[in-house]
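Structure provided below as structure tokens; questions to follow.
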Amino acid sequence: MREFQHYIDGQFETAAQTFESIDPASETPWALMPRSTAEDVDRAVKAAFRAFHDSKWSGLTATQRGKLLFRLADLLEQAAPELAELETRDTGKIIRETRSQITYIAEYYRYYGGLADKLDGRYVSIDKADTEAYQLREPIGVVAAIVPWNSQLFLSAVKLAPALAAGCTVVLKASEDGPAPLLAFARLFHEAGFPSGVVSILTGFGEDCGQVLTSHPLVARIAFTGGPETARHIVRNSAHNLAYTTLELGGKSPILVFPDADLDSTVNAIIAGLFAATGQSCVAGSRLLVHKDILPILVERLKVRAATIRIGPPDSMDTEFGPLATKRQLVHIEDLVARSLNAGAELIMGGKRPSSHTTGYYYEPTILLCKQKDIPCLHEEFFGPVLSILPFENEEDAIASANNTPFGLASGIFTRDLARAKRVSSAIRSGIVWINTYRMISPLMPFGGYGLSGLGREGGAEAMLDYTRTKSVWIRTSDEPISDPFVMR
Ligand code: NAD
């Protein structure tokens, strides 16, 4: 079995304890992962704190930090095929997606590398005589970054790239499920020339690793991606260090289809929005809201298109649909489908493990039709390949159904009517709206949700500000002695 190491303070170390990682396509253990302990976390955070203040890092100009990120981006591009194979092996995500996604992740490091020396302070025309004032932007300190098991390289890039560009140091905890690509990625920081301690990458479980990291007194900033229940733990942990915290959480994202939509394009976008990545995406368009007049034709077209999806081994370029990442995920989906059918959902297709793939955590592309609004599949996150359809009467009804959720991450609107697209996008409570498209990303655009989908935004230039804080500097320019000391100036 292959053995991975964690990366602490510039050193690759074999951990005292390990755990087995399961290949989701064969259900067999294939690698040993480091089970980082509280002591490992403490060393990594202390190293990050030292590195933050050490002139090897803090003495670099912002332009030099940017160049390190450019070098990292080049190395990442070169390593993309190897990292993609590891991600596919460890999580079951299909190789078609991991290869293209990892190559694109390099753009996040380039984007924030380019921003590093464009983050200016501000001279303030202060309302006091004989005084000059300005605001500086300083890096906030040690960042604790925590990611879930899906797209670990991508979800870490949106934290690492702005944090490092701003001058912070980072301790990153990979998920206990599928950490191989992140642990292998650690060596690129080494090769790119980042000083020791600036980035450490560990993996381990929530309680003994993630909890210790997010409550550590030297941590100034927490950047978390995961589920809402864990997010509540994170917020409680942050009571110890009062670290500034951002949360990227789950979703139950609606796709609204109006009668004038281009149905060929819409069907492919719905398939891309849910069945790509086997539905294991936080922005999965898992609630399809369809105008009642086009419900039968859209359901039929979706059924025909979904039936052609090629299920297969995730490491084959022909495969479009692989296994789920974990058995836990499979059990959760089976349970939620069963509860939804009991509550009155109609099974249009799928709803079981495919007979062609009895080994591996495979689950068929599944479509459920709901005639009432209170069925669990319309409200709970599957994080899997299950599409729940609900018809609507008119625009008002569509908006009400779209907003009938505590989540608010993404939404899709399909219509040729521009005025309607604008109206509906304003009325929907979600951090991202895609109009006549779905599941697009770019480092240039912010990403994040409303309500239970999270707090704060990642991506876009503004995200870098969240890794800084301002320092207000006041300079008295008069040589006259200060007069009355008992009044505020
Ligand atoms: P999870 O919340 O179970 O775990 C996420 C991470 O938190 C893991 O690394 C885990 O070890 C760690 N963790 C667990 N308990 C902890 C604790 N007490 N203290 C600190 N860390 C702890 O999530 P998951 O099952 O791995 O991932 C699926 C969830 O992630 C879904 O809800 C999905 O929607 C969400 N997600 C959101 C986004 C986004 O950008 N909004 C992206 C991907 C996934």
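Side chains included, hydrogens not; waters and symmetry mates left out as well; all remaining heavy atoms used. Nothing here was measured: the structure is a model prediction, and the numbers come from that model.
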**OP:** Begin with the C-alpha distance, continue with both residues' side-chain angles, and end with the deciding distance and a verdict on side chain to side chain contact (heavy atoms under 4.5 Å, CB included) for I102 and L76.
**Re:** CA-CA 8 Å; I102 294 172; L76 176 59; 4.0 Å; yes
Subject >> Considering all heavy atoms, the nearest V219-A144 contact >> reply: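 Smallest interatomic distance, heavy atoms only, reads CG1-CB, 3.8 Å.
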Original post:
Regarding D90 and W149, is there a side-chain donor-to-acceptor distance under 3.5 Å anywhere?
Top reply: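 No donor-acceptor contact under 3.5 Å links the two side chains.
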Subject >> For A15 against H6, the heavy-atom pair lying closest together >> reply: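 Answer, listing the atom of A15 first, then H6: CB-CE1, 3.7 Å.
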**OP:** Give the ring-plane orientation class for F194 versus W57, where under 30° counts as parallel, over 60° as perpendicular and anything between as tilted.
**Re:**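 Judged by the thresholds at 30° and 60°, the geometry between F194 and W57 is tilted.
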**OP:** For the pair S453 (side chain) and G408 (backbone), establish whether a donor and an acceptor sit closer than 3.5 Å, ignoring hydrogens and angles.
**Re:**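 Judged by distance alone, yes, a pair lies under 3.5 Å.
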**OP:** Look up atom CD1 in I311 and atom CZ in F321, then write down how far apart they are to the nearest 0.5 Å.
**Re:**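 The CD1 atom of I311 sits 5.5 Å away from the CZ atom of F321.
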Original post:
Is the backbone of G360 close enough, under 3.5 Å, to the side chain of E27 for a donor and an acceptor to pair up by distance?
Top reply: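 Pair found, side chain donor or acceptor close to backbone of G360.
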Original post:
So with a 6.0 Å cut-off around CZ of R429, is the heavy-atom count from everything else above 12?
Top reply: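 Atom CZ in R429 is not crowded, with 12 or fewer foreign heavy atoms closer than 6.0 Å.
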Original post:
Considering all heavy atoms of both residues, which atom of G251 and which atom of L409 are nearest to each other, and what is their separation?
Top reply: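 Heavy atoms only, the tightest pair is CA-CB, 4.4 Å.
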**OP:** Check whether any side-chain N or O of E138 sits under 3.5 Å from a backbone N or O of K471 as a donor-acceptor pair, and report yes or no.
**Re:**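 Not at all, since once roles are kept as given, no pair shorter than 3.5 Å links the two residues.
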**OP:** Could you tell me whether the side chain of C377 reaches within less than 4.5 Å of the side chain of F382, counting heavy atoms only?
**Re:**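 Yes, at least one pair of side-chain atoms sits under 4.5 Å.
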Subject >> More than 12 heavy atoms from other groups under 6.0 Å of CE on M440 >> reply: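 For M440, atom CE is not crowded (no more than 12 foreign heavy atoms under 6.0 Å).
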Original post:
Quick one: CG on L115 to CG on L465, what's the gap to the nearest 0.5 Å?
Top reply: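 One gets 9.5 Å once the value is rounded to the nearest 0.5 Å.
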Subject >> Short side-chain to backbone donor-acceptor contact, N241 and H216, under 3.5 Å >> reply: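 Here the side-chain-to-backbone pair exists.
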Subject >> Salt bridge flag under 4.0 Å for residues R35 and D208 >> reply: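 Between D208 and R35 there is a salt bridge, with a charged N closer than 4.0 Å to a carboxylate O.
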Original post:
OG of S425 to CD1 of I432: how many Å apart, nearest 0.5 Å?
Top reply: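 Those atoms lie 13.5 Å apart.
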**OP:** Could you list the residues that satisfy side-chain contact (heavy atoms from CB on, under 4.5 Å) with A25, not counting sequence neighbours?
**Re:**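 Scan of A25 (side-chain contact (heavy atoms from CB on, under 4.5 Å), adjacent residues dropped) gives D23, P314, P323, Y362.
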Subject >> Side-chain heavy atoms of E458 within contact of T225, under 4.5 Å >> reply: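 Yes; the side chains approach each other to less than 4.5 Å.
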Original post:
Can the positive tip of R187 be found less than 6.0 Å from the middle of the six-membered ring of F12, inside 45° of the ring normal?
Top reply: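 Negative - R187 is either too far from the ring of F12 or too far off its axis.
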Original post:
Would you say K118 has more than 12 foreign heavy atoms packed within less than 6.0 Å of its NZ?
Top reply: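 Yes.
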Original post:
Distance from I413 atom CD1 to I428 atom CD1, nearest 0.5 Å?
Top reply: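 Reported value, rounded in 0.5 Å steps: 4.5 Å.
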Original post:
Can we say R71 and D74 salt-bridge, meaning some charged N sits less than 4.0 Å from an Asp/Glu carboxylate O?
Top reply: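 No, this pair does not count.
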Subject >> Candidate pair E77 and E107, rule side chain to side chain contact (heavy atoms under 4.5 Å, CB included), full reasoning >> reply: CA-CA 9 Å; E77 236 164 32; E107 298 308 323; 4.2 Å; yes
Subject >> A461 backbone acceptor or donor facing Y111 side chain under 3.5 Å >> reply: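 Such a contact is found between Y111 side chain and A461 backbone.
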Subject >> Donor-acceptor contact below 3.5 Å, side chain S100 vs main chain E97 >> reply: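 A pair under 3.5 Å: yes.
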**OP:** Give a yes or no on this: more than 12 heavy atoms of other residues, nucleotides or ligands lie within 6.0 Å of atom CD of E82.
**Re:**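 Buried by this count: over 12 neighbours within 6.0 Å.
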Original post:
Can a donor-acceptor pair be found between the side chains of T14 and Q5 at a distance below 3.5 Å?
Top reply: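 Yes, a side-chain donor-acceptor pair sits under 3.5 Å.
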Original post:
Side chains of F407 and S286: does their closest heavy-atom pair fall under 4.5 Å?
Top reply: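 Of all side-chain heavy-atom pairs linking S286 with F407, none is under 4.5 Å.
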**OP:** Quick one: closest heavy-atom pair of R287 and K252, and the distance?
**Re:**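 In this case the closest contact between R287 and K252 is NE-O, 2.9 Å.
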Original post:
Does Y7 have its ring centroid less than 6.0 Å away from the ring centroid of F189?
Top reply: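 Ring-ring flag for Y7/F189: false, centres at least 6.0 Å apart.
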**OP:** Please tell me if the side chains of P148 and L155 come closer than 4.5 Å, counting only heavy atoms from C-beta onward.
**Re:**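 Touching, per the 4.5 Å side-chain cut-off.
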Subject >> Ring centers of Y104, F154 separated by less than 6.0 Å >> reply: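 Centroid separation for Y104 and F154: 6.0 Å or greater.
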Original post:
Would you say the side chains of S151 and K93 form a donor-acceptor pair under 3.5 Å?
Top reply: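 The answer is yes; a qualifying pair exists.
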Considering only distance and modelled atom types, tabulate donor-acceptor pairs under 3.5 Å from the side chains of residues 165-182, sequence neighbours left out.
{"residue": "T169", "atom": "OG1", "partner": "A48", "partner atom": "O", "Å": "2.9"}
{"residue": "K173", "atom": "NZ", "partner": "G204", "partner atom": "O", "Å": "2.8"}
{"residue": "S175", "atom": "OG", "partner": "D177", "partner atom": "N", "Å": "3.1"}
{"residue": "S175", "atom": "OG", "partner": "D177", "partner atom": "O", "Å": "3.4"}
{"residue": "D177", "atom": "OD2", "partner": "R328", "partner atom": "NH1", "Å": "3.3"}
{"residue": "D177", "atom": "OD2", "partner": "R328", "partner atom": "NH2", "Å": "3.1"}

Subject >> Exercise: do S215 and R236 side chains pair donor with acceptor under 3.5 Å >> reply: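 There is no such pair (donor and acceptor under 3.5 Å, judged by atom type) between the side chains of S215 and R236.
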Subject >> Donor-acceptor pair, side chain of T246 and main chain of A223, under 3.5 angstrom >> reply: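 Side chain of T246 to backbone of A223: no pair is present.
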Original post:
Can the ring centroids of H332 and F383 be said to lie less than 6.0 angstrom from one another?
Top reply: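 No: the rings miss the under 6.0 Å criterion.
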**OP:** Please work out which of the three classes, parallel, tilted or perpendicular, describes the rings of F185 and Y109, given edges at 30° and 60°.
**Re:**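 Ring orientation, 0 to 90° scale: tilted.
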Original post:
How far does CZ of R489 sit from CG of D130, to the nearest 0.5 angstrom?
Top reply: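 Here the interatomic distance stands at 11.0 Å.
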Original post:
Can you name the nearest heavy-atom pair linking A284 to G279, along with the distance?
Top reply: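 Minimum heavy-atom contact is CB-O, 3.8 Å.
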**OP:** Nearest 0.5 Å please: distance from the OG1 atom of T278 over to the CD atom of E320.
**Re:**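 T278 OG1 to E320 CD: 11.0 Å, rounded to 0.5 Å.
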Original post:
Under 3.5 Å, side chain of T319 to main-chain N/O of P313, donor-acceptor pair present?
Top reply: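 Answer holds: yes.
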Original post:
Is it true that K159 and E248 make a salt bridge, defined as a side-chain N closer than 4.0 Å to a carboxylate O?
Top reply: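 Result for this pair is no, no salt bridge flagged.
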Original post:
Below 4.0 angstrom, N of the basic side chain to O of the carboxylate: do R2 and E85 qualify?
Top reply: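 The answer is no: the pair does not qualify as a salt bridge.
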**OP:** Specify the closest pair of heavy atoms between R110 and A73, including all atoms of both residues, with the distance to one decimal.
**Re:**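 Between these two residues, the closest heavy atoms are CG-CB, 3.6 Å.
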**OP:** Check for a donor-acceptor pair, side chain of R221 on one end and backbone N or O of D466 on the other, with a separation under 3.5 Å.
**Re:**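 Present.
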Subject >> Side-chain donor/acceptor of N403 to backbone N/O of A427, under 3.5 Å >> reply: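 Yes; at least one donor-acceptor contact below 3.5 Å.
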